[in-house]
Number of protein chains: 2
Amino acid sequence: MSPCCEYPMTDSLSDRSALAATDESAPKRADVSRQQILTVAATLFCARGYAGTSLRDIGAAVGMKAGSLYYHFASKEELAAEVLRIGVERVHQAVEARLRTLGESASLRGKIEGAIAAHLETLWLESDFTSAHIRCIHTAPPSVRNSLHQVRRDYETVWRNLIGEAARASLLPPEAEPTAVRLAILGALNWSLEWSDPGRHKPEEFARTLAASFIREG
Amino acid sequence: MSPCCEYPMTDSLSDRSALAATDESAPKRADVSRQQILTVAATLFCARGYAGTSLRDIGAAVGMKAGSLYYHFASKEELAAEVLRIGVERVHQAVEARLRTLGESASLRGKIEGAIAAHLETLWLESDFTSAHIRCIHTAPPSVRNSLHQVRRDYETVWRNLIGEAARASLLPPEAEPTAVRLAILGALNWSLEWSDPGRHKPEEFARTLAASFIREG
DNA sequence: GTCTATAGCAAGATAGAC
DNA sequence: GTCTATCTTGCTATAGAC
């Protein structure tokens, strides 16, 4: 699976331009903690939902008191918004990386099968950020959902384009409607969280079945 | 859409056999309240999740105080388990009713398309019980989930049989695996909660796309 | 950066009046 | 059957010591 970019932690909390001698590659302590908090929060939000996860739970899992989290995040909502944002960013990047790897020469069915596999790999194998997004997006507070509208639309565009292209090339089943196909594929992928067992299921196998069902050979 | 059976409220809290003169068809006050609580709880659990819904919220929505709910249910978990159980029961019954209506003479694709449509109609149009089940099953407490294992398996069997039959009749796409097809269909259906807008989307249209993609004409 | 301590509030649940 | 009142616990968030 393609390695996923780490979330860039350049919050520019302090002006480091005046300290040119400092090793820029050494992560600062606050950044390490912030990253740990995000990772643990992703796991817990994914497993218990937004309301079911308390800041005490998250703090305990990183060896901190709940109050200490406020040094890194202004509120539970801000922390959740960040976790969920990273979640979309990661699938989006994984899918685009896969499409780049395949290149323009690949068949359209090959590209869609690859995009499906990349989405599944991120969801099943890589991290809990994307899973947390899928599990929490509906019950998260409005402020969190609103902050994610744009990134969600950006990722959706990738699929809109892929399926649109397949429709124009007449590669969808005769009676299938393009929008319905897109929604069905993404639904099958996201719902796979409820049954997937990375020990038993292989992303490529499910990707094969989906691509073979929705997209004709081009 | 086929009318769905009301949940039978025969809790036999009191022995009515000694009161033969009483009109058996008149619902008792407790039963009316209980039913109102369940309906409202389904709506709120569906919208806000298990942990995000308080007994105070539910009470307020039925015009009661939180404490009064304990006359009808022993705990929040018991209330949630009942709501979610009714949710599976309703889709299950709707799908079986549709299959009975179609009869044995229907084509296999016709039966599967009908089952898909019936599942969607229950989810989108009929009530919030099934939606609440789908939204809450993962984050609900273990005791709730455990109490639902059997009913969930019972409903799953309907689909296992339908897709198995299609596989034996060689009606699945060449490279598609039967289990994957079943999981993909149910995933696409359940995830439709996240995008469906009963004003804009018609259950039969989405059902048509899914059946046409996964099942060949028999 | 993380702690202790706590404010302020809401949760699930129970007891007893009506 | 429903209410009032309350217990206990847990929550988010803040203030200030270290």
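All values below come from the heavy atoms of this structure, side chains included, with hydrogens, waters and symmetry mates left out.
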Q: Counting primed atoms plus P, OP1 and OP2 as sugar-phosphate and everything else as base, spell out the protein contacts along nucleotides 2-18 of chain D at 4.0 Å heavy-atom distance: B, S or - for each nucleotide, 5' to 3'.
A: BBB------BBBB----
Q: Tell me yes or no: between the side chains of B:Ser131 and B:Asp128, is some donor less than 3.5 Å from an acceptor?
A: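 No pair is found: no donor N or O on one side chain lies under 3.5 Å from an acceptor on the other.
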Q: With the threshold set at 4.0 Å, does a side-chain nitrogen-carboxylate oxygen contact exist between A:Arg135 and A:Glu194?
A: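 Judged by the 4.0 Å cut-off on N to carboxylate O distance, A:Arg135 and A:Glu194 do form a salt bridge.
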Q: Atom CZ of A:Phe73 and atom C1' of C:dG1: how far apart are they, to the nearest Å?
A: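 Nearest whole value for this atom pair: 14 Å.
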Q: Taking all heavy atoms of A:Val83 and all of A:Phe129, pick out the closest pair and write down the distance.
A: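 Closest approach of A:Val83 to A:Phe129, heavy atoms only: O-CD2, 3.6 Å.
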Q: Could you check whether A:Gln150 and A:Asp154, counting side-chain N and O atoms only, form a donor-acceptor pair closer than 3.5 Å?
A: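 Looking only at side-chain atoms, A:Gln150 and A:Asp154 do form a donor-acceptor pair, the distance falling under 3.5 Å.
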Q: Do B:Arg85 and B:Glu82 meet the salt-bridge criterion of a basic N to acidic O distance under 4.0 Å?
A: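 Here B:Glu82 pairs with B:Arg85 in a salt bridge, since their nearest N and O are under 4.0 Å apart.
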